[in-house]
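See below for the structure under consideration.
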Amino acid sequence: MQLGSCFLDSLTVTSFFGNAEMRSVFNDRQLMQSWLDVEAALARAQASLGVVPHAAAEQITAAARLDRLDADALAGDAVDTVHPLVPLVRALTAACPGDAGRYVHLGATTQDVMDTGFVLRCRAGLDVVQRQVDELVRILRKLALRHRETPMPARTHGQQALPTTFGLRCAVWQSELQRHRERLTELRRRLLVTSMGGAAGTMAGYGPQAFALERAVAAELDLGVADTPWHATPDRFAECLMVLGLVAASAEKLAREVYFLGRTEIGEAHEPQRASQVGSSTMPHKRNPIRCEAVVAAASTLRAQVPLAMQAMVAQDDRDMGVGMTLWKLLPESFILIGGALERLVEVFGDLRVSPERMRANLDVTGGLVLSEAVMLRLAGPLGREQAHHLVMRIVRDSIDQDRPFAEVLRADPQVTAALAGTDVATLLDPLSYVGHAAALVDRALLTSETP
């Protein structure tokens with residue numbers, strides 16, 4: 001039985017996606033083991049309330065290990081029953097000694113066990129994602145401090161705008177990830193609950209002690225209790241996919257930033273390259289950002305799953321397995337994709353090759369035009385903002401059209417020389433004089449956010 005991980009578990013092309021740790025959480029064996037864990041927890045909870053004998057619960061728990069079940073029988077039964085859980089229940093029943101098997105799955109329904117099992121897997125997956133995001137935040141905070149005063153061009157609309165610092169860029173990125181850390185924490189309270197609705201959501205099969213049993217099962221699995229059955233309201237899983245989609249969007253943005261900054265014409269930061277790494281099979285000079293490209297591919301694929309997760313919320317009646325089966329596919333794939341994307345980003349930023357020299361050189365590419373706002377604001381005092389803006393726009397245009405240095409055209413304009421009497425134009429056009437409060441913003445960002 002394959003539940004969404006098969007295409008990510010192969011080698012060659014798909015080895016660029018996912019990572020071993022997340023695949024170990026969401027492979028089919030672990031998923032089925034989580035269902036067995038739920039069955040065992042149910043039996044122990046029922047024993048604690050006197051519904052089943054304690055000895056039977058102990059025997060069910062001992063037998064509820066996938067490596068103790070007949071894999072061939074499971075596979076054959078799956079073909080015969082065309083059912084995701086019944087083969088496992090039958091195998092567990094058969095594995096129990098004496099009459100303990102008669103108490104397996106007592107009162108439960110398939111979706112109770114499967115949804116609760118998926119919750120357990122999601123918890124393990126969120127543990128991995130949280131740890132990876134924490135590590136990325138730590139790396140970005142170090143980069144922000146190291147480069148809090150490293151000047152570089154800020155870019156808007158794909159063009160150089162004003163001077164900024166690379167440290168501020170990193171501080172902004174870590175702040176976004178800090179918000180994702182909060183979202184991941186908040187998500188757990190809503191997601192990590194048991195599903196105990198019974199066949200139609202009334203809990204009738206669990207008998208008169210249903211509520212006590214629900215609490216006992218939740219305690220066994222260290223989960224919360226949902227206020228109402230949620231067979232037909234999978235918003236918890238949808239929210240999980242949406243949060244992963246947000247993390248994926250940020251991951252893709254970071255990867256694209258490195259991809260862009262590493263262009264030959266820019267050269268401000270590069271993905272690390274191993275000595276044995278091959279950039280191109282035909283062009284030895286190439287140092288392709290393959291990890292960043294893999295992050296872009298994985299993250300964009302994951303984000304495409306979010307609308308499907310929202311569609312899965314549109315369930316019919318009191319249960320709709322078309323919805324459930326959609327989520328069986330989406331959850332493992334999405335966790336595997338984000339696990340791989342974050343692992344690669346940690347590798348990239350953990351050894352990012354930053355070139356302060358190239359950043360500084362690029363600030364001079366425009367010949368001072370990147371300081372046009374500074375000039376305009378200095379002229380706004382004597383001339384007024386609107387007149388100063390029109391004046392500097394004309395001078396910028398002349399500088400570009402006539403291919404003359406910006407400083408030269410400024411010094412040749414009588415309005416400018418009159419308004420800036422006593423001002424050193426070269427100092428005014430020094431990029432280092434106009435990074436604003438970048439360093440202070442770095443400090444504020446790091447002081448007001450948490451170091452994981």
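The structure presented is a predicted model; accordingly, all values stated were derived computationally and were not measured. FYI, side chains are in, hydrogens and waters are out, and symmetry mates aren't considered; it's all heavy atoms of this structure.
Sorted by first and then second residue, the ring-ring contact (aromatic ring centres under 6.0 Å, His included) pairs with a member in residues 120-148 read His147-Phe166; sequence neighbours excluded. For residues 363-376, every residue pair satisfying the side-chain hydrogen bond (donor to acceptor under 3.5 Å, both in side chains) rule, not counting sequence neighbours, is listed here: Arg360-Asp364, Glu373-Tyr434. Residue pairs meeting the side-chain hydrogen bond (donor to acceptor under 3.5 Å, both in side chains) criterion with at least one member in residues 409-418, sequence neighbours excluded, are Arg394-Asp413.
Summarising the geometry of Ser334 relative to Leu241, their closest heavy-atom pair is OG-CD1, 2.9 Å, with the distance given to 0.1 Å. What you find for Ala248 and Arg303 is that their closest heavy atoms are CB-CG, 4.1 Å. Of all non-hydrogen atoms in Val225 and Ala218, the two that sit nearest each other are CG2-CB, 3.7 Å. Between Glu149 and Ala439, the shortest heavy-atom distance links the atoms CG-CB, 4.1 Å.
With a 6.0 Å radius and a threshold of 12 heavy atoms from other residues, nucleotides or ligands, Gln402 has its CD atom above the threshold. Residue-environment remark: CE (Met376) exceeds the threshold of 12 foreign heavy atoms within 6.0 Å. The 12-atom threshold is not exceeded at CG of Asp227, counting heavy atoms of other residues, nucleotides or ligands nearer than 6.0 Å. No more than 12 heavy atoms of other residues, nucleotides or ligands sit less than 6.0 Å from atom CZ of Arg444. A 6.0 Å sphere centred on CG of Asp403 holds no more than 12 heavy atoms belonging to other residues, nucleotides or ligands.
In this structure a side-chain-to-backbone donor-acceptor pair under 3.5 Å is missing from Gln178 to Ser449. A donor-acceptor pair under 3.5 Å is absent between the side-chain atoms of Glu239 and the main chain of Pro234, judged by distance alone. Not one N or O on the side chain of Arg353 forms a donor-acceptor pair closer than 3.5 Å with the backbone of Gln273. Between the side chain of Thr116 and the main chain of Asp112, a donor-acceptor pair closer than 3.5 Å is present. Remark: side-chain polar atoms of Asn362 are paired, donor with acceptor, to backbone N or O of Ile266 under 3.5 angstrom. Arg141 contributes a side-chain N or O that, together with a main-chain N or O of Leu446, makes up a donor-acceptor pair within less than 3.5 Å.
We find that Glu268 and Arg169 are not joined by a salt bridge, their nearest charged nitrogen and carboxylate oxygen being 4.0 Å or further apart. Look at Glu135 and Arg131 and you find no salt bridge, because none of the NZ, NE, NH1 or NH2 atoms lies under 4.0 Å from a carboxylate O. A salt bridge is absent between Asp398 and Arg404; no separation between the charged side-chain nitrogens and carboxylate oxygens falls under 4.0 Å.
Note: Trp230 and Phe237 have perpendicular aromatic rings, judged against thresholds of 30 and 60 degrees for the angle between ring planes.
A heavy-atom distance below 4.5 Å is not found between the side chains of Val354 and Leu261.
For the pairing with Phe335, the ring pair (Phe, Tyr, Trp, His ring centres under 6.0 Å) check across Phe17, Phe118, Phe26 returns one residue only, Phe26.
No donor-acceptor contact under 3.5 angstrom links the side chains of Glu293 and Asn288, judged on distance only. Counting only N and O atoms by type, the side chains of Asp424 and Thr427 include a donor and acceptor under 3.5 Å apart.
Of the inter-residue distances, the one linking Leu254 atom CG with Glu176 atom CD reads 7.0 Å to the nearest 0.5 angstrom. Rounding to the nearest 0.5 Å places CD of Glu271 at 8.0 Å from CD1 of Ile290.
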Item to complete: List the steps and the verdict of salt bridge (charged side-chain N to carboxylate O under 4.0 Å, His left out) for Arg256 and Glu252.
Response: CA-CA 6 Å; Arg256 288 188 180 277; Glu252 182 175 346; 3.0 Å; yes
